[in-house]
Amino acid sequence: MRSWAVPPLTTTARDEVGRAPALALYDARTGRLEETRPNGPARLYVCGITPYDATHLGHAATYVAFDLVVRAWREAGHDVRYVQNVTDIDDPLLERASAIGESWSALAERETQLFRDDMEALSVIPPDVFAGAVESIPVIVELIARLRHRGVVYDVDGDLYFDVTSDPTFGQVSGLAREPMLALFGDRGGDPDRPGKRDPLDCLVWQQQRDGEPGWDTELGTGRPGWHVECAAIASHHLGTDFDLQGGGSDLVFPHHEMTAAESQVANPGTVFARAYAHQGMVGYAGQKMSKSLGNLVLASKLRADGVDPRAIRLALLARHYREEWEWDDETLEVATSRLAAWSDAVRRGGPDARKAVATVRAALAADLDAPAALAAIDAWASEVVGEPVDGAPELIVATVEASLGVSLQTHLSGSSGGGAA
Ligand code: 5CA
Ligand code: ZN
């Protein structure tokens, strides 16, 4: 499906500051910081939205975090190939649609459009492929058919299940023991207790059409795909296997990322699904994880409608390390708004040599996306008092803040080069 408009894509002047260092990220699978080593274009898959409600700041934090990955790779000199899905058919979408008396497809289209608008406002670089589950059904069915051919798919009353024990590495993405797996599987959309399954952890790959629900007529029968196999198929189809990074929020480590990896690896023997797995910590509000089902949402679109500068929203999200679990509050936004004003003033006024700040920003981001340290480096540059502003310093700051952090200060540069008093 259509994605959204590309924000200004600057790269910081290489002749002045060279390339950014290689990006290292904390990998859920190894539990260590691992340097990413793209071979050809850097290949990224990030789990997209289920469009039954508007983008909240937890979602926004996830997509801004992986936008930093895209930007860090670009600044290090890599081309990037980025794929993101939209779960535009699934239980929560059908439930919400019937609760509000709207068709599931109209609901999905409306919320997906709101998401595009939010991403565009937040200057998130769009994925190269933005693939809906519905439009991807042929690709998903093809993967399920290959798994079935390998004898690792079985029927339970017309629904098809994937045998998780067929992947000898099952469990390595999350590193969880069986008991916590069983608990999480039940909490996060799984059905450990369904009679007829061979292993309680086996996951649904194809659900036969139910009364009043949509179904697609395929070689597997008339029905719809399960959730995990959707991402396994979309990612491996558009990126191949052994791609550089699988991303999403930490609520997806198990079962979602464990299952997608297993399904792809069994269908493609001798490969790994992704070479590394990174996760954004859950952002909460009012004491709980922000979630559509709990209803404690702060919406990006609502803040924008209230007149909040989207760059301030983005700076507020960047003020926390992506792996941290944190709670949104009004003060976070106030701090970000003041920061944006201080940076804009400094850029207009001029400042000291910027090369050290640029190097600090890039080194911080390359070391597991330490955005708070990157912000601190720009704060330090902006607050340094100088006698004579250095020629070209504001331009370099503007270029780095835009290229690495995705915040445009362009309009705050004075017309004259060298950043003299406006
Ligand atoms: N469609 C699936 C992924 S294939 C899904 O999880 N959709 S979602 O709409 O529930 O979430 C979209 C993305 O935002 C996922 O990567 C999810 O992990 C992340 N996310 C959801 N809630 C939060 C939160 N409170 N904080 C941070 N990230 C979140
Ligand atoms: Zn996914």
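For ligands, and for the atoms within them, numbers begin at 1 and follow the listed sequence. The structure presented is a predicted model; accordingly, all values stated were derived computationally and were not measured. Positions are given from 1 along the sequence.
- Other residues, nucleotides and ligands place no more than 12 heavy atoms under 6.0 Å from the CG atom of Asn39.
- Ligand 1 has a nitrogen or oxygen under 3.5 angstrom from a nitrogen or oxygen of Thr62.
- Nearest to atom 3 (C) of ligand 1 by heavy-atom distance, out of Gly48, Pro92, Gly189, Ser250, is Gly48.
- Residue-level check: among N/O/S atoms of His256, NE2 sits closest to the Zn ion (ligand 2).
- Between the side chain of Asp27 and the main chain of Tyr277, a donor-acceptor pair closer than 3.5 Å is present.
- Distance alone, capped at 3.5 Å, places no donor-acceptor pair between the Arg188 side chain and the Leu252 backbone.
- For ligand 1, the atoms lying closer than 4.0 Å to a non-hydrogen atom of Tyr63 are 12 (C), 13 (C).
- Taking any N or O of Cys231, backbone or side chain, none lies under 3.5 Å from an N or O belonging to ligand 1.
- Among the backbone and side-chain atoms of Cys47, an N/O/S atom is found under 2.8 Å from the Zn ion (ligand 2).
- Under 2.8 Å from the Zn ion (ligand 2) lies no N/O/S atom of His257, from backbone or side chain alike.
- Here Thr50 has heavy atoms under 4.0 Å from ligand 1 in both its backbone and its side chain.
- Contact check for Trp206 versus Val141: side-chain heavy atoms found under the 4.5 Å cut-off.
- When only non-hydrogen protein atoms are considered, atom 26 (N) of ligand 1 lies nearest to Val283 N, 2.9 Å.
- Looking from atom 6 (O) of ligand 1 to the surrounding protein, the closest heavy atom is Leu252 CD2, 3.7 Å.
- Within the 4.5 Å cutoff, side-chain heavy atoms of Leu23 are placed close to those of Leu369.
- The backbone N or O of Pro92 lies less than 3.5 Å from no partner atom in the side chain of Asp90, so there is not a single donor-acceptor pair.
- Here Glu230 has no heavy atoms under 4.0 Å from ligand 1, in either its backbone or its side chain.
- In terms of polar-atom proximity, Gly248 is not counted as a contact of ligand 1, lacking any N or O under 3.5 Å from an N or O of the ligand.
- In this structure, His256 has a heavy atom closer than 4.0 Å to ligand 1.
- Taking any N or O of Asp251, backbone or side chain, at least one lies under 3.5 Å from an N or O belonging to ligand 1.
- Remark: minimum distance from atom 20 (N) of ligand 1 to any protein heavy atom is reached at His59 CD2, 3.9 Å.
- Counting protein heavy atoms only, atom 4 (S) of ligand 1 is closest to Trp227 NE1, 3.1 Å.
- Neither the backbone nor the side chain of Val46 has any atom closer than 4.0 Å to an atom of ligand 1 (non-hydrogen atoms only).
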